[in-house]
Number of protein chains: 2
Amino acid sequence: MGSSDHRTTARILDILETIASVQDGVSLSDLSRSLAIPKSSLHPLLCTLAERRYLHYLQREERYYLGENTFVLGNKYVNNHDVLEQIKDVMQQVNQKTGETLYFGVLSKRDVLYLAKADLHSQFRVVSNPGNKLPAYSTGYGKALLSQFMPDQIHSLYPEGELKLVTPQTVRNVDQLNIQLEGIRTTGFAYEKGESTTGIQCVAVAIKVDGQVLAGMSIAVPEFRYTAQREEQFKTLLDDARSQIQRIIAGNRSQWIYSGEYNR
Amino acid sequence: MGSSDHRTTARILDILETIASVQDGVSLSDLSRSLAIPKSSLHPLLCTLAERRYLHYLQREERYYLGENTFVLGNKYVNNHDVLEQIKDVMQQVNQKTGETLYFGVLSKRDVLYLAKADLHSQFRVVSNPGNKLPAYSTGYGKALLSQFMPDQIHSLYPEGELKLVTPQTVRNVDQLNIQLEGIRTTGFAYEKGESTTGIQCVAVAIKVDGQVLAGMSIAVPEFRYTAQREEQFKTLLDDARSQIQRIIAGNRSQWIYSGEYNR
DNA sequence: CCTTGTTGTTCGTATATAAGAACGTCGTTC
DNA sequence: GAACGACGTTCTTATATACGAACAACAAGG
């Protein structure tokens, strides 16, 4: 269980993350500077990553880009497990009935990882794609996921107290967040009002199996189409979808490795 | 341009690929045996990968699984570039008109990498998801992509001559493949009859920009719904979509790094 | 034309990493 | 209950890797 820092491994991940974080590619020297690693040390790593097609080196630009095999590898995280497909089916039924987009995600440390969406019948297509992360407190399903933690746990997750704003509407500090989380625990529903995307409101629920919160799901609605009456409909449908999904996960419990436990 | 084999880098990729290739997770000892690497050497690598959440270690099972960050990283390959989104739009229009599924992919060495699909209005949902690879010769859009290569180039790609069958219908050897590729070059259309999925037929086209084949696109139709008359419709729509997509790519040429060049 | 800036590449050696054996722990089997 | 076989973990030193400097190639600027 020892926490050994293997330098080379960390470097490879740093390299990949750095290159992934920019659209326009990165040169060897750029990497050397931003990671504070000698060019001569980076060179063999980059060559091997490029040979294995986890990177691409464009000679004309002298820049490295992400390679296909990074994509292939990453998608194995979801392609190996068909639980997600079953969950998408449930979500798509709700999508069909409401015409609004559904999101599904899990917790990854302090962020929510967005795993799946259902927007076949949505009037407005959202730009975001699965595989993105957002601060958990800024989204509806993120807050649903955080609602499993008591105030002191939230404080140790966010020792600063102040929360980084995603939009002007994002909850600003841990104490306000805890008030909201308490509300989620009592009502079973989380709400988001333009806190991660301006103009979008959400209702969200936590997916619990064996008393453990494993995932969050939300329905995202443009403000101008959001009414109290529709909110009731959303909550009914979400609640129903929630229990279906909980049954699906419970039936395939062994397949559920997404974001694992929070121990260690 | 030196091809140095950096052992540690190769090992990390081997580790990730091995773990990604099985559903049920892998133990340290399993990895040690299958990769022929001492356990003591693997241990620090696995610890670091797990700390960075590219792997998850389930203590109760003593097994390693892929972690979320592998997924997050891999999706940056497509999330950073919105050309794909525009291409999907074009494909979805064809999907809406035909009710059949469209596929889009690029070449990765001898395989086709499946990048996007449009199946919103399809009667049958296909199980496969983006991020998968298939032998290029076994699919319609794969053959469209291979049609850029002359017989001798194909022979050097597949020196064995015999091709591994994906289904009983898959083309069996390089010479037959070359005959088909010649037909694709003259007609501009590639066909697939259950060669990668039994019961599914495809028509496919190559996406060319500046005289270079960059991608392939196909429409996949269940055999029983495939008629000569509809085939004509598919070809017209595909051809139209092709030129739209070529214009999109030409307009964002710099964004197109997918699978890069084949030099080096 | 020579300078000064990039870029990537190649060396030799100091150093950090990998290997193998030994160890601790838990289950299973006899 | 003792012995065996798994698992992961810890050690030490032989070895392979990383460093820094020097190198080559090219572009921009004086």
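In what follows, chains are A, B, ... by sequence order, proteins preceding strands, each numbered from 1.
Minimum heavy-atom separation, A:Leu181 to A:Lys143: CD2-O, 3.4 Å. The shortest non-hydrogen separation linking A:Lys117 to A:Tyr103 is CB-CD2, 4.0 Å.
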For DNA chain D, what dot-bracket results from Watson-Crick or G-U pairs at under 3.5 Å, with [ ] for crossers and | for inter-strand partners? ||||||.|||||||||||.||||.||||||
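Separating the CG atom of A:Leu45 from the C1' atom of D:dA18 is a distance of 9 Å, rounded to the nearest angstrom. In this structure, the CD atom of A:Gln59 is 14 Å from the C1' atom of D:dA25, given to the nearest Å. The nearest whole Å value for the distance from the NE2 atom in B:His6 to the C1' atom in C:dT10 is 17 Å. Straight-line distance from the CD atom of B:Glu61 to the P atom of C:dC26: 19 Å, rounded to whole Å. Following rounding to the nearest Å, A:Leu42 (CG) and C:dT9 (P) show an atom-to-atom distance of 12 Å. Summarising the geometry, the separation between CD1 on B:Ile37 and P on D:dA16 is reported as 15 Å, rounded to the nearest angstrom.
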Mind listing the side-chain donor-acceptor pairs of residues 11-19 of chain A below 3.5 Å, one per line with the distance, residues two or more places apart or on another chain?
| unit_1 | atom_1 | unit_2 | atom_2 | d |
| --- | --- | --- | --- | --- |
| A:Asp14 | OD1 | B:Arg52 | NH1 | 3.2 |
| A:Asp14 | OD1 | B:Arg52 | NH2 | 2.8 |
| A:Glu17 | OE1 | B:Arg52 | NH2 | 3.3 |
| A:Glu17 | OE2 | B:Arg52 | NH2 | 3.4 |
| A:Glu17 | OE2 | B:Tyr54 | OH | 2.5 |
| A:Thr18 | OG1 | A:Asp14 | O | 2.6 |

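Using the six-membered ring where Trp is involved, A:Phe104 and A:Trp256 have ring planes that are perpendicular, over 60° apart on the 30 and 60° scheme.
For C:dT7, the OP1/OP2 oxygens have a side-chain nitrogen or oxygen of A:Arg33 closer than 4.0 Å. For C:dA18, neither phosphate oxygen OP1 nor OP2 lies less than 4.0 angstrom from any side-chain nitrogen or oxygen of B:His43.
Side-chain contact check for A:Val72 versus A:Arg53: every heavy-atom pair is 4.5 Å or farther apart. Contact of the A:Val106 side chain with the A:Val112 side chain is not registered, since no non-hydrogen atoms from C-beta on lie closer than 4.5 Å. Using a 4.5 Å heavy-atom cutoff, the side chains of B:Glu51 and A:Asp5 are in contact.
Around the NZ atom of A:Lys133, the shell of radius 6.0 Å holds more than 12 heavy atoms that belong to other residues, nucleotides or ligands.
Partners of B:Asp24 by side chain to side chain contact (heavy atoms under 4.5 Å, CB included), not counting sequence neighbours: none found. Partners of A:Gln153 under the side chain to side chain contact (heavy atoms under 4.5 Å, CB included) rule, at least two apart in sequence or in another chain, are A:Phe149, A:Met150.
Comparing B:Ala36 and A:Glu62 by the nucleotide of DNA chain C that holds the closest heavy atom to each, the one mapping nearer the 5' end is A:Glu62. With the nearest nucleotide of DNA chain D identified for both B:Asp30 and B:Arg7, B:Asp30 has the one nearer the 5' end.
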What N/O pairs connect the protein and nucleotides 20-23 of chain D at under 3.5 Å? Give each pair on its own line.
| unit_1 | atom_1 | unit_2 | atom_2 | d |
| --- | --- | --- | --- | --- |
| D:dG20 | N7 | A:Ser40 | OG | 2.9 |
| D:dG20 | O6 | A:Ser40 | OG | 3.0 |

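A distance-only check finds a donor-acceptor pair linking the side chain of B:His155 to the backbone of B:Pro151 [under 3.5 Å].
Scanning residues 8-27 of chain A for heavy-atom distances under 4.0 Å to DNA chain C yields A:Ser27.
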